[in-house]
Amino acid sequence: MAPKIFIDGEHGTTGLQIRTRMAGRRDVELLSIPEAERRNAAMREDMLNSADIAILCLPDDASKEAVQMVSATNNVRVIDTSTAFRVNPGWAYGFAEMDGAQAGRIKAARFVANPGCYPTGAIGLVRPLRAAGILPDGYPVTVNAVSGYTGGGKQMIAQMENPDHPDAIAAPHFLYGLPLTHKHVPEMTVHGLLDRAPIFSPSVGKFAQGMIVQVPLHLDDLAEGTTMESIHAALVAHYAGQDIVSVVPLAESKALPRVNAVELEGKDTMKLFVFGTSGASQVNLVALLDNLGKGASGAAVQNMDLMLAS
Ligand SMILES: NC(=O)C1=CN([C@@H]2O[C@H](COP(=O)(O)OP(=O)(O)OC[C@H]3O[C@@H](n4cnc5c(N)ncnc54)[C@H](OP(=O)(O)O)[C@@H]3O)[C@@H](O)[C@H]2O)C=CC1
Ligand SMILES: CC(=O)N[C@@H](CCC(=O)OP(=O)(O)O)C(=O)O
(Lines give C-alpha, C1' and ligand atoms only; values in the text may rest on other atoms or scores of the structure.)
(Ligands and ions follow the chains in the order given, each with its own letter.)
Protein backbone atom coordinates (compact mmCIF):
# COMPACT_ATOMS: atom_id res chain seq x y z
CA MET A 1 0.00 0.00 0.00
CA ALA A 2 1.31 3.46 -0.90
CA PRO A 3 2.32 5.56 2.11
CA LYS A 4 -0.19 8.29 2.99
CA ILE A 5 1.01 11.90 3.00
CA PHE A 6 -1.01 14.77 4.46
CA ILE A 7 0.08 18.35 3.80
CA ASP A 8 -1.41 20.52 6.57
CA GLY A 9 -1.54 23.99 5.02
CA GLU A 10 -1.74 22.52 1.50
CA HIS A 11 -3.49 25.64 0.18
CA GLY A 12 -0.75 28.03 1.29
CA THR A 13 2.36 29.02 -0.67
CA THR A 14 4.70 26.26 0.53
CA GLY A 15 1.96 23.61 0.65
CA LEU A 16 0.81 24.30 -2.91
CA GLN A 17 4.35 23.98 -4.23
CA ILE A 18 4.77 20.65 -2.44
CA ARG A 19 1.54 19.47 -4.03
CA THR A 20 2.79 20.55 -7.46
CA ARG A 21 5.99 18.59 -6.94
CA MET A 22 3.98 15.49 -5.92
CA ALA A 23 1.54 15.68 -8.85
CA GLY A 24 1.62 12.50 -10.87
CA ARG A 25 3.43 10.46 -8.23
CA ARG A 26 1.97 6.97 -7.91
CA ASP A 27 4.21 5.84 -5.05
CA VAL A 28 2.41 7.95 -2.44
CA GLU A 29 -1.25 8.62 -1.60
CA LEU A 30 -2.06 12.27 -0.87
CA LEU A 31 -4.66 12.90 1.84
CA SER A 32 -6.39 16.24 1.33
CA ILE A 33 -8.84 18.66 2.95
CA PRO A 34 -10.97 21.00 0.80
CA GLU A 35 -9.69 24.58 0.88
CA ALA A 36 -12.83 25.85 2.66
CA GLU A 37 -12.14 23.42 5.56
CA ARG A 38 -8.43 24.23 5.87
CA ARG A 39 -8.85 25.53 9.43
CA ASN A 40 -11.28 22.78 10.54
CA ALA A 41 -9.39 21.40 13.55
CA ALA A 42 -11.32 18.12 13.76
CA MET A 43 -10.74 17.30 10.08
CA ARG A 44 -7.08 18.24 10.36
CA GLU A 45 -6.61 16.08 13.45
CA ASP A 46 -8.25 13.15 11.70
CA MET A 47 -6.02 13.56 8.61
CA LEU A 48 -2.88 14.13 10.68
CA ASN A 49 -3.45 10.87 12.51
CA SER A 50 -4.31 8.93 9.35
CA ALA A 51 -1.07 9.83 7.59
CA ASP A 52 2.24 8.02 7.49
CA ILE A 53 3.99 11.36 7.03
CA ALA A 54 2.40 14.75 7.81
CA ILE A 55 4.07 17.79 6.20
CA LEU A 56 3.19 20.94 8.13
CA CYS A 57 3.12 24.14 6.04
CA LEU A 58 1.70 26.41 8.70
CA PRO A 59 2.73 29.39 10.82
CA ASP A 60 4.77 28.48 13.93
CA ASP A 61 1.86 28.45 16.42
CA ALA A 62 -0.34 26.31 14.18
CA SER A 63 2.58 23.91 13.65
CA LYS A 64 3.00 23.50 17.41
CA GLU A 65 -0.73 22.77 17.71
CA ALA A 66 -0.55 20.24 14.87
CA VAL A 67 2.31 18.40 16.58
CA GLN A 68 0.17 18.25 19.74
CA MET A 69 -2.62 16.73 17.65
CA VAL A 70 -0.42 13.91 16.42
CA SER A 71 -1.36 11.17 18.80
CA ALA A 72 1.43 10.00 21.07
CA THR A 73 0.40 6.40 20.41
CA ASN A 74 0.65 6.24 16.63
CA ASN A 75 3.61 6.34 14.31
CA VAL A 76 2.84 9.42 12.20
CA ARG A 77 6.11 11.03 11.15
CA VAL A 78 6.26 14.80 10.77
CA ILE A 79 8.12 17.25 8.55
CA ASP A 80 7.57 20.80 9.79
CA THR A 81 8.38 23.71 7.45
CA SER A 82 8.01 26.43 10.09
CA THR A 83 10.63 27.91 12.43
CA ALA A 84 9.11 26.20 15.48
CA PHE A 85 11.42 23.18 15.88
CA ARG A 86 14.59 23.96 13.94
CA VAL A 87 16.86 24.22 16.97
CA ASN A 88 14.99 21.60 19.01
CA PRO A 89 17.43 18.72 19.72
CA GLY A 90 14.56 16.23 19.52
CA TRP A 91 14.09 17.06 15.83
CA ALA A 92 16.39 16.16 12.93
CA TYR A 93 17.40 19.24 10.95
CA GLY A 94 16.30 18.63 7.36
CA PHE A 95 19.39 19.80 5.47
CA ALA A 96 20.68 16.49 4.14
CA GLU A 97 23.91 17.87 2.63
CA MET A 98 25.07 19.82 5.70
CA ASP A 99 27.27 16.93 6.80
CA GLY A 100 27.94 13.34 5.85
CA ALA A 101 25.63 11.82 8.49
CA GLN A 102 22.62 14.13 8.11
CA ALA A 103 20.75 12.20 5.40
CA GLY A 104 20.90 9.13 7.66
CA ARG A 105 19.56 11.15 10.61
CA ILE A 106 16.65 12.37 8.49
CA LYS A 107 15.90 8.85 7.24
CA ALA A 108 15.69 7.54 10.80
CA ALA A 109 13.82 10.46 12.35
CA ARG A 110 10.19 10.67 13.38
CA PHE A 111 10.32 14.48 13.52
CA VAL A 112 12.16 16.51 10.86
CA ALA A 113 12.45 20.32 10.88
CA ASN A 114 12.74 21.66 7.34
CA PRO A 115 15.33 24.48 7.21
CA GLY A 116 14.49 28.13 6.64
CA CYS A 117 15.26 29.51 3.21
CA TYR A 118 17.97 32.01 4.28
CA PRO A 119 19.63 29.55 6.70
CA THR A 120 19.91 26.97 3.90
CA GLY A 121 22.18 29.41 2.06
CA ALA A 122 24.07 30.70 5.10
CA ILE A 123 24.64 27.30 6.73
CA GLY A 124 25.51 25.83 3.35
CA LEU A 125 28.34 28.38 3.10
CA VAL A 126 29.71 28.59 6.65
CA ARG A 127 29.28 25.14 8.18
CA PRO A 128 31.89 23.43 5.94
CA LEU A 129 34.38 26.18 6.80
CA ARG A 130 33.75 25.79 10.53
CA ALA A 131 34.05 22.00 10.24
CA ALA A 132 37.35 22.37 8.34
CA GLY A 133 38.79 24.78 10.92
CA ILE A 134 38.98 27.63 8.37
CA LEU A 135 36.49 29.96 10.08
CA PRO A 136 37.82 30.52 13.60
CA ASP A 137 35.94 30.95 16.89
CA GLY A 138 34.64 34.47 17.39
CA TYR A 139 34.73 35.49 13.72
CA PRO A 140 32.08 38.23 13.22
CA VAL A 141 30.04 36.63 10.43
CA THR A 142 27.57 38.79 8.50
CA VAL A 143 24.84 37.44 6.25
CA ASN A 144 23.25 39.74 3.66
CA ALA A 145 20.43 38.38 1.55
CA VAL A 146 17.64 39.08 -0.90
CA SER A 147 14.56 36.87 -1.28
CA GLY A 148 11.71 36.65 -3.73
CA TYR A 149 8.51 37.97 -2.20
CA THR A 150 6.83 34.54 -2.02
CA GLY A 151 9.08 34.06 1.03
CA GLY A 152 6.56 36.14 2.95
CA GLY A 153 3.69 33.75 2.15
CA LYS A 154 0.17 34.62 0.99
CA GLN A 155 0.13 37.93 2.82
CA MET A 156 3.29 39.35 1.24
CA ILE A 157 2.34 37.99 -2.18
CA ALA A 158 -0.90 40.02 -1.94
CA GLN A 159 0.99 43.11 -0.74
CA MET A 160 3.47 42.91 -3.63
CA GLU A 161 1.07 41.87 -6.40
CA ASN A 162 -2.07 43.87 -5.59
CA PRO A 163 -1.61 47.66 -5.70
CA ASP A 164 -5.07 48.06 -4.10
CA HIS A 165 -4.08 46.03 -1.02
CA PRO A 166 -4.45 48.24 2.10
CA ASP A 167 -0.77 47.52 2.94
CA ALA A 168 0.48 47.36 -0.65
CA ILE A 169 4.28 47.50 -1.01
CA ALA A 170 5.44 49.54 -4.00
CA ALA A 171 9.19 49.32 -3.34
CA PRO A 172 11.06 47.23 -5.94
CA HIS A 173 13.58 46.23 -3.26
CA PHE A 174 13.45 46.78 0.49
CA LEU A 175 15.40 45.89 3.61
CA TYR A 176 13.60 44.47 6.64
CA GLY A 177 14.55 42.72 9.86
CA LEU A 178 16.07 46.06 10.83
CA PRO A 179 16.19 45.37 14.63
CA LEU A 180 18.59 42.47 13.75
CA THR A 181 16.48 39.93 15.63
CA HIS A 182 15.21 37.88 12.68
CA LYS A 183 13.83 34.46 13.64
CA HIS A 184 16.43 32.70 11.46
CA VAL A 185 19.45 33.87 13.48
CA PRO A 186 19.33 31.04 16.09
CA GLU A 187 19.09 28.43 13.36
CA MET A 188 22.01 29.92 11.41
CA THR A 189 24.07 30.02 14.61
CA VAL A 190 23.35 26.46 15.79
CA HIS A 191 23.55 24.59 12.47
CA GLY A 192 26.24 26.90 11.09
CA LEU A 193 28.34 25.75 14.09
CA LEU A 194 28.94 29.41 14.94
CA ASP A 195 29.90 30.46 18.47
CA ARG A 196 28.80 34.04 17.80
CA ALA A 197 25.44 35.00 16.29
CA PRO A 198 25.80 36.47 12.78
CA ILE A 199 24.51 39.92 11.84
CA PHE A 200 21.70 39.04 9.43
CA SER A 201 20.32 41.65 7.02
CA PRO A 202 17.51 40.26 4.83
CA SER A 203 15.73 42.03 1.99
CA VAL A 204 12.99 41.37 -0.54
CA GLY A 205 12.99 42.10 -4.26
CA LYS A 206 10.10 42.47 -6.69
CA PHE A 207 10.42 38.95 -8.07
CA ALA A 208 8.40 35.95 -6.96
CA GLN A 209 10.94 33.18 -6.38
CA GLY A 210 14.69 33.25 -5.94
CA MET A 211 17.31 34.07 -3.35
CA ILE A 212 20.88 35.29 -2.98
CA VAL A 213 22.65 34.85 0.39
CA GLN A 214 26.06 36.53 0.82
CA VAL A 215 28.73 35.96 3.49
CA PRO A 216 31.76 38.25 2.93
CA LEU A 217 34.99 37.23 4.71
CA HIS A 218 38.37 38.84 5.45
CA LEU A 219 41.02 36.20 4.73
CA ASP A 220 43.50 37.76 7.20
CA ASP A 221 41.14 36.85 10.05
CA LEU A 222 40.68 33.22 9.00
CA ALA A 223 42.96 30.25 9.71
CA GLU A 224 46.61 30.90 8.81
CA GLY A 225 47.26 30.54 5.09
CA THR A 226 43.61 30.55 3.99
CA THR A 227 43.14 31.64 0.38
CA MET A 228 40.23 32.02 -1.98
CA GLU A 229 41.37 28.74 -3.56
CA SER A 230 41.55 26.85 -0.25
CA ILE A 231 38.04 28.00 0.72
CA HIS A 232 36.76 26.85 -2.65
CA ALA A 233 38.53 23.49 -2.26
CA ALA A 234 36.99 23.00 1.21
CA LEU A 235 33.50 23.60 -0.18
CA VAL A 236 34.11 21.29 -3.14
CA ALA A 237 35.34 18.53 -0.81
CA HIS A 238 32.38 18.99 1.52
CA TYR A 239 29.75 18.72 -1.21
CA ALA A 240 31.37 15.89 -3.20
CA GLY A 241 29.16 12.91 -4.00
CA GLN A 242 25.72 14.52 -4.18
CA ASP A 243 23.90 16.49 -6.86
CA ILE A 244 21.72 19.02 -4.98
CA VAL A 245 24.36 21.52 -3.79
CA SER A 246 27.02 22.42 -6.36
CA VAL A 247 30.12 24.57 -5.99
CA VAL A 248 30.72 26.66 -9.09
CA PRO A 249 34.30 26.28 -10.42
CA LEU A 250 36.48 29.33 -9.75
CA ALA A 251 37.30 29.74 -13.44
CA GLU A 252 33.56 30.00 -14.14
CA SER A 253 32.71 32.39 -11.29
CA LYS A 254 35.68 34.66 -12.10
CA ALA A 255 34.18 35.21 -15.55
CA LEU A 256 30.70 36.12 -14.30
CA PRO A 257 29.64 39.78 -14.61
CA ARG A 258 26.66 39.33 -12.26
CA VAL A 259 24.55 36.83 -10.27
CA ASN A 260 20.87 36.61 -11.19
CA ALA A 261 18.60 36.09 -8.15
CA VAL A 262 16.00 34.17 -10.17
CA GLU A 263 18.38 31.84 -12.02
CA LEU A 264 17.25 28.77 -10.04
CA GLU A 265 13.52 29.60 -9.99
CA GLY A 266 11.53 26.37 -9.96
CA LYS A 267 14.62 24.25 -9.21
CA ASP A 268 15.38 22.35 -6.00
CA THR A 269 19.15 22.74 -6.22
CA MET A 270 21.53 25.31 -4.70
CA LYS A 271 24.70 26.82 -6.20
CA LEU A 272 27.59 28.11 -4.11
CA PHE A 273 30.15 30.62 -5.38
CA VAL A 274 33.44 31.99 -4.04
CA PHE A 275 33.98 35.48 -5.45
CA GLY A 276 37.04 37.70 -5.13
CA THR A 277 40.46 38.17 -6.68
CA SER A 278 43.23 35.59 -6.31
CA GLY A 279 45.92 36.89 -3.96
CA ALA A 280 43.70 39.61 -2.48
CA SER A 281 42.57 39.65 1.15
CA GLN A 282 38.78 39.36 0.86
CA VAL A 283 36.23 36.90 -0.53
CA ASN A 284 32.47 36.98 -0.86
CA LEU A 285 30.73 33.63 -0.45
CA VAL A 286 27.39 33.46 -2.25
CA ALA A 287 24.55 30.94 -2.21
CA LEU A 288 21.92 30.98 -4.95
CA LEU A 289 18.64 29.10 -4.53
CA ASP A 290 14.87 29.30 -4.96
CA ASN A 291 13.32 30.25 -1.59
CA LEU A 292 10.49 27.84 -2.39
CA GLY A 293 12.77 25.17 -3.90
CA LYS A 294 15.76 24.08 -1.81
CA GLY A 295 14.58 26.83 0.56
CA ALA A 296 11.23 25.19 1.42
CA SER A 297 9.03 22.91 -0.71
CA GLY A 298 11.80 21.17 -2.66
CA ALA A 299 13.65 20.41 0.57
CA ALA A 300 10.44 19.09 2.17
CA VAL A 301 9.89 16.63 -0.70
CA GLN A 302 13.58 15.63 -0.55
CA ASN A 303 13.18 14.94 3.19
CA MET A 304 9.95 13.02 2.63
CA ASP A 305 11.72 10.82 0.06
CA LEU A 306 14.59 10.18 2.48
CA MET A 307 12.10 9.18 5.20
CA LEU A 308 10.20 6.91 2.81
CA ALA A 309 13.46 5.23 1.84
CA SER A 310 14.21 4.24 5.44
N1 LIG B 1 7.22 30.92 1.62
C2 LIG B 1 8.48 30.52 1.77
O3 LIG B 1 9.37 30.78 0.91
C4 LIG B 1 8.89 29.73 2.96
C5 LIG B 1 7.99 29.43 3.97
N6 LIG B 1 8.39 28.68 5.04
C7 LIG B 1 7.48 28.40 6.16
O8 LIG B 1 6.42 27.56 5.73
C9 LIG B 1 5.29 27.79 6.55
C10 LIG B 1 4.11 28.14 5.63
O11 LIG B 1 4.44 29.38 5.01
P12 LIG B 1 3.76 29.88 3.68
O13 LIG B 1 3.32 28.72 2.87
O14 LIG B 1 4.72 30.84 3.08
O15 LIG B 1 2.51 30.65 4.30
P16 LIG B 1 1.07 30.96 3.67
O17 LIG B 1 0.52 32.06 4.50
O18 LIG B 1 1.19 31.15 2.21
O19 LIG B 1 0.26 29.63 3.94
C20 LIG B 1 -0.04 29.16 5.23
C21 LIG B 1 -1.27 28.29 5.15
O22 LIG B 1 -1.56 27.82 6.47
C23 LIG B 1 -2.94 28.08 6.75
N24 LIG B 1 -3.13 28.29 8.17
C25 LIG B 1 -2.74 29.36 8.92
N26 LIG B 1 -3.09 29.18 10.21
C27 LIG B 1 -3.72 27.98 10.27
C28 LIG B 1 -4.33 27.24 11.32
N29 LIG B 1 -4.34 27.70 12.58
N30 LIG B 1 -4.89 26.05 11.03
C31 LIG B 1 -4.87 25.57 9.77
N32 LIG B 1 -4.33 26.23 8.71
C33 LIG B 1 -3.75 27.42 8.98
C34 LIG B 1 -3.24 29.34 5.95
O35 LIG B 1 -4.63 29.49 5.80
P36 LIG B 1 -5.27 30.96 5.58
O37 LIG B 1 -5.25 31.18 4.11
O38 LIG B 1 -6.64 30.81 6.15
O39 LIG B 1 -4.44 31.95 6.34
C40 LIG B 1 -2.50 29.04 4.65
O41 LIG B 1 -3.25 28.21 3.81
C42 LIG B 1 5.62 28.95 7.49
O43 LIG B 1 5.98 28.47 8.75
C44 LIG B 1 6.77 29.61 6.76
O45 LIG B 1 7.52 30.35 7.64
C46 LIG B 1 9.66 28.18 5.10
C47 LIG B 1 10.58 28.45 4.15
C48 LIG B 1 10.29 29.30 3.02
C1 LIG C 1 10.60 37.30 2.52
C2 LIG C 1 10.19 36.80 3.88
O3 LIG C 1 9.38 37.40 4.57
N4 LIG C 1 10.76 35.69 4.28
C5 LIG C 1 10.46 35.08 5.53
C6 LIG C 1 11.23 33.80 5.71
C7 LIG C 1 10.74 32.66 4.89
C8 LIG C 1 11.15 31.37 5.52
O9 LIG C 1 12.21 30.83 5.41
O10 LIG C 1 10.27 30.87 6.34
P11 LIG C 1 10.30 30.37 7.82
O12 LIG C 1 9.41 31.29 8.52
O13 LIG C 1 9.75 29.03 7.79
O14 LIG C 1 11.62 30.36 8.38
C15 LIG C 1 10.83 35.97 6.71
O16 LIG C 1 11.77 36.73 6.62
O17 LIG C 1 10.21 35.78 7.77
Side-chain angles (χ1 to χ4, degrees), residues 6-20 32-45 47-48 54-69 79-87 93-95 113-123 143 145-161 169 171 173-188 191 200-213 261 264-266 268 289-301 303:
F6 173 54
I7 306 167
D8 198 357
E10 64 184 300
H11 304 287
T13 311
T14 306
L16 276 172
Q17 290 242 350
I18 293 175
R19 270 186 18 179
T20 307
S32 183
I33 290 182
E35 186 166 7
E37 300 294 343
R38 65 187 180 280
R39 283 172 179 261
N40 180 324
M43 282 181 82
R44 290 176 48 232
E45 182 160 6
M47 288 292 179
L48 282 166
I55 307 181
L56 311 179
C57 299
L58 304 162
D60 288 20
D61 287 352
S63 268
K64 289 179 191 157
E65 280 167 25
V67 171
Q68 293 291 319
M69 284 181 192
I79 300 170
D80 177 44
T81 67
S82 84
T83 320
F85 301 104
R86 293 182 189 151
V87 294
Y93 191 63
F95 187 175
N114 218 51
C117 43
Y118 296 116
T120 300
I123 294 163
V143 180
V146 61
S147 171
Y149 60 79
T150 55
K154 284 166 89 172
Q155 189 184 343
M156 188 174 285
I157 293 170
Q159 288 174 279
M160 295 294 281
E161 291 185 351
I169 301 171
H173 181 212
F174 61 89
L175 298 180
Y176 69 108
L178 304 176
L180 302 180
T181 54
H182 192 280
K183 62 183 178 174
H184 286 175
V185 172
E187 179 184 352
M188 289 181 191
H191 299 294
F200 174 43
S201 176
S203 69
V204 166
K206 207 166 185 63
F207 54 90
Q209 290 174 232
M211 173 164 284
I212 295 175
V213 180
L264 295 182
E265 179 178 4
D268 295 338
L289 64 155
D290 179 342
N291 56 291
L292 282 172
K294 184 59 176 165
S297 310
V301 174
N303 287 327

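Order of appearance sets the numbers: ligands from 1, and atoms from 1 within every ligand. A quick note: this is a predicted structure, and the numbers were derived from the prediction, not measured.
- Of the heavy atoms in Tyr149, none comes closer than 4.0 Å to ligand 2.
- Ligand 2 lies within reach of His182, whose nearest heavy atom is under 4.0 Å from it.
- Among Pro119, Ala84, Cys117, the residue whose heavy atom sits closest to atom 8 (C) of ligand 2 is Cys117.
- Atom 5 (C) of ligand 2 has as its closest protein heavy atom Gly151 O, 3.3 Å.
- The option with the heavy atom closest to atom 17 (O) of ligand 1, from among Gln155, Met211, Met43, Lys154, is Lys154.
- Looking from atom 2 (C) of ligand 2 to the surrounding protein, the closest heavy atom is Tyr176 OH, 3.2 Å.
- With a 4.0 Å cut-off on non-hydrogen atoms, Asn114 does not touch ligand 1 at all.
- Only the side chain of Lys183 comes within contact range of ligand 1, with a heavy atom under 4.0 Å; no backbone atom does.
- For the pair Arg44 and Asp8, the salt-bridge criterion is met [side-chain N within less than 4.0 Å of a carboxylate O].
- Contact atoms of ligand 1 toward Cys57: 9 (C), 10 (C), 20 (C), 21 (C), 22 (O) (distance under 4.0 Å to a heavy atom of the residue).
- For atom 6 (C) of ligand 2, the nearest non-hydrogen atom from the set Met160, His184, Met156 comes from His184.
- Annotation for ligand 1: atoms under 4.0 Å from non-hydrogen atoms of Gly153 are 14 (O), 15 (O), 18 (O).
- Within the 4.0 Å heavy-atom criterion, neither part of Glu65 lies near ligand 1.
- The protein heavy atom nearest to atom 12 (O) of ligand 2 is Lys183 NZ, 2.3 Å.
- Contact annotation: for Arg86 versus ligand 2, heavy atoms closer than 4.0 Å belong to the side chain alone.
- Nearest to atom 30 (N) of ligand 1 by heavy-atom distance, out of Met156, Arg44, Arg86, is Arg44.
- With a 4.0 Å cut-off on non-hydrogen atoms, Thr81 touches ligand 2 through its backbone and not its side chain.
- Counting the atoms of ligand 1 from 1 in the order shown, those under 4.0 Å from a heavy atom of Ser82 are 43 (O).
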